[in-house]
J.: 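Submitted below is the structure of interest, expressed as structure tokens.
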Amino acid sequence: EPEVTQTPSHQVTQMGQEVILRCVPISNHLYFYWYRQILGQKVEFLVSFYNNEISEKSEIFDDQFSVERPDGSNFTLKIRSTKLEDSAMYFCASSVQQETQYFGPGTRLLVL
Amino acid sequence: GDSVTQMEGPVTLSEEAFLTINCTYTATGYPSLFWYVQYPGEGLQLLLKATKADDKGSNKGFEATYRKETTSFHLEKGSVQVSDSAVYFCALITHSGNTPLVFGKGTRLSVIA
């Protein structure tokens, strides 16, 4: 069964450093998403992406964040200058239409 | 805005007990409703869904019925197992544009032998 994959599974970085989180969505899916889950809290939407552009973003998704689909298979989330409060589990998801979203296993980001 | 409210956890049950996790929602229009499960150390897995009123989603012995009149989507299982220990998230998506999933806070379930 096809699944969403994410790399790395864990990332530790110093405050102020840039990180890139990578996702490979399910191959025939058209809509892509990033969510995050701060430890013990609810899953929060960051951004959605369709047809090579951002279709919606939350207030969390400020100028420090960017997304890209560089090669037609990968979908990346970049955090330009990480802050302590960016420590969270980041989930990528994809869907065929604007309906059932399938999630990857997540990348746990720790900012020191 | 759209929102999902789940019962507070944690919920601790003995094996073979009956499980109910309450979920109610507020949404414009007619959302689709989902339950996702997060096992310890893992990501979110879709457990079941329902896309219109009176639909019943079911999977792995879990069931939930989309009740428009009470704006609810309670998760039930007749006999829980230790392997059901996880965090359960109720979520909705509306159909106006490319809107994201809106999640509840999650309910942690612990099943003891």
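So you know, we letter chains A, B, ... as the sequences are listed, proteins then strands, and number each from 1.
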J.: Relative to each other, are the rings of Tyr25(B) and Tyr66(B) parallel, tilted or perpendicular (30° and 60° limits)?
T.: perpendicular
J.: Relative to chain B, which segment of Gln37(A) carries a heavy atom at a distance below 4.5 Å: side chain, backbone, both, or neither?
T.: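 Just its side chain gets close to chain B.
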J.: By a 4.5 Å heavy-atom criterion (distance strictly below it), what part of Gln38(B) contacts chain A: side chain, backbone, both, or neither?
T.: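 For Gln38(B), the contact with chain A is made by the side chain alone.
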J.: If the plane angle is over 60° it's perpendicular, under 30° parallel, otherwise tilted; pick one for Phe103(B) and Tyr35(A).
T.: perpendicular
J.: Around Asp71(A), counting heavy atoms of other residues, nucleotides and ligands shown, do more than 12 lie under 6.0 Å from its CG?
T.: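 Yes.
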J.: Lys49(B) versus chain A, heavy atoms under 4.5 Å apart: side chain, backbone, both or neither?
T.: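 Contact with chain A is through the side chain of Lys49(B) alone.
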J.: Main chain of His74(B), side chain of Thr65(B): is a donor-acceptor contact present, judged purely on distance under 3.5 Å?
T.: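 Not a single qualifying donor-acceptor pair exists.
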J.: Tell me, for Leu46(B) versus chain A, whether the close heavy atoms (under 4.5 Å) come from the side chain, the backbone, both or neither.
T.: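 When you check distances to chain A, only side chain atoms of Leu46(B) fall under 4.5 Å.
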